[in-house]
Each structure stands twice: as structure tokens, then as C-alpha cells.
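For this chain, numbers begin at 1 and follow the sequence in order. Keep in mind the model is a prediction, meaning the values are calculated, not measured.
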Amino acid sequence: MITYDHITLDAFSTSWLPDTIQAAMLRLDKSDTAVSGNKWFKLKYNLEEAKRQGKDHLLTFGGAYSNHIAATAVACKLAGLACTGVIRGERPAVLSHTLQQASDNGMQLLFVSRSDYRQKEKSPLFKELADPVYIIPEGGHNALGAKGCEEILSIFPTADFTHILCAVGTGTTLAGLINSAQPPQQVLGIAVLKGAAYLEKEVAALLHATVPDWRILHNYHGGGYAKTSPELIDFINTFHKETGIPTDIIYTGKLVMAFRELTQQGYFPDESKVLLIHTGGLQGNLSLPPGVLSL
């Protein structure tokens, strides 16, 4: 349903990257205009399982700017499935671009209070909804989501990279990368949430018995999820000017910024070859006023 024909592996250099280190970006953001980045990989096997179970309605969860919500709406439309998005918070007077896009693609939006949302796995309301539908957890975080993400490193030959880096929200993509990485490689996750020490446990629950070295770094969230700063905006604009690669304010921008800081700290030995995973999410930039980003 979604092909990988437009994905590219782009080597890049910057003013801060030393000649002794090579770097490349796996451009999952190019995979599809609507279901871009890592979203299709997390949805692929869940959609297959829904059909296998004979379910024609999918239920999932997210916030007002959730890339997962927008992507799920399009994927269900393409698959011929009805879908409902349980949205955290009261319905706003004007829908965000993300929610409007999801609604336009046929997703029913169900707004719930933040307290009810926190109890979504136990709420009687959601249990009633869950009976006839197939449920995908928030962000596609389950074993089938991780299984799909195991395919990311097979799009191009990636065995010669010494390090693989990706931003971490739920940890699903990171788990898939760890499961499919080669034993000599180190897989680094850059947490974009503040105070997310639980992520190690979440990721570990999705791993195979034997995996390469991996870790999650928690000092590069820039103040917390979706928090921005003049420094981040300037970095994203400068990186795009130097490389031609657009990044977003929530995930990949912080990932590349962390890569720069780690490089400057001497984290990567000489002759390292580093692969960064662009997980998409560029629509998150639409939350900024026009002209702030020069992408």
C-alpha cells in the first residue's frame, strides 16, 4: 500500500562535523506525503492483524498534534477501514492542522478530558468502544509496531554503519532498530520527553533475546516534549541551509542537535560512520507561525 521508492540515504557534512566522522540520514520523511516517516512501519502489521481478526474499525489514541493520528486516518482510508481517534483534551474551537487532516480523511474524533485519557486503558468508556474494534496503542507502541520498524534498516545496506541514532517518543521505532541492527553496531535513542526514565523498560519489553549494544540518552529533550527554543529554531534552519535536509521541532531537529553535541563531546571515535533516522513528523512545524522556519 505504501512503497519505499522515494526514500533516500543522504550523506551529509556540516560546519561542525569533523572529517574523521561520516554521517548519513535515512530519509523516511520521503516515504509518503501523508503516512511519512516511521508511521507506516508501525501501522503495517497492525492493519494486517486487524483484517486477520475480521475487524473493520480501528481505534487509536493521540494528542492534537499527533503524527500518529494523522497517519492512521490516511492508512485506514487506504485500507478501507473505519477509524476513531481518542484525542487528549477538550475539543478546541478550531481544530489543529493535524486533527483537521485526520477528520478530512474520515477519522471520527472523540475528545476526552486529560484525566480520562490518562486512564484510557481502564476506562469503561474505552472498554465499550474496544469490543468491536481493533486497538492500536498511542504512537503505535506494540509488538507489531516494533516488528514493522525492524524493516527500516533493510531499505538500504546499513551494516557498515558503526552507530544508529533515532529520536524516541514511545520507543517503538528504537526497539525495531535494535532488533534488526548488527551485533557490532551501537543503537542510540534520543529521548524527546523530559523525565522519561520508563522508556528503557518499554523498549526492553519489545526486544529479541539477543540484541546489540543500545542505550537511551535523556539529556537532549530541550525542555520537554514539543518544547522549542531560539537555539533549536536556529539550528534547524542552519542545518537545512548546509545540507538541504528539513527537520522538525519535535523529533528529528532535536536528534540532529544531540548528534552535534555528542560529536563535539568526542562521543564518536575517529572513523565512525553514523546513521541518523529521519522519522518524519514535518507537519509538526505547522504549529509555528509562518516564516519562523526557512524550510
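The side chain to side chain contact (heavy atoms under 4.5 Å, CB included) search around E231 returns S229, M257, R260, not counting sequence neighbours. The side chain to side chain contact (heavy atoms under 4.5 Å, CB included) search around I216 returns L174, A191, L199, E200, V203, W214, H218, not counting sequence neighbours. Here H141 pairs with T170, T172, E202, L206 under the side chain to side chain contact (heavy atoms under 4.5 Å, CB included) rule; sequence neighbours left out. Not counting sequence neighbours, the partners of T263 by the side chain to side chain contact (heavy atoms under 4.5 Å, CB included) test are W16, L17, P18, I21, F259, F268. Taking R52 as the reference, E49 meet the side-chain hydrogen bond (donor to acceptor under 3.5 Å, both in side chains) condition, with sequence neighbours excluded.
By the 4.0 Å N-to-carboxylate-O rule, R215 lies close enough to D213 to be salt-bridged with it.
Put simply, the side chain of K42 never gets that close to the backbone of G140: no donor and acceptor are under 3.5 Å apart. A distance-only check finds no donor-acceptor pair linking the side chain of T238 to the backbone of F235 [under 3.5 Å].
Of the options L28, I277, L275, a side-chain contact (heavy atoms from CB on, under 4.5 Å) to C166 is made by I277 and by none of the others.
For the pair K147 and Y45, the distance from NZ or CZ to the six-membered ring centre is under 6.0 Å and the angle to the ring normal is within 45 degrees.
Between E151 and I155 the shortest side-chain heavy-atom distance does not fall below 4.5 Å.
Other residues sharing the hydrophobic cluster of F111, ordered by chain and number and joined by side-chain separations under 4.5 Å: I69, I87, L95, L99, M107, L109.
Note on ring orientation: taking the six-membered ring where Trp is involved, the planes of Y225 and Y251 are perpendicular (angle over 60°, cut-offs 30° and 60°).
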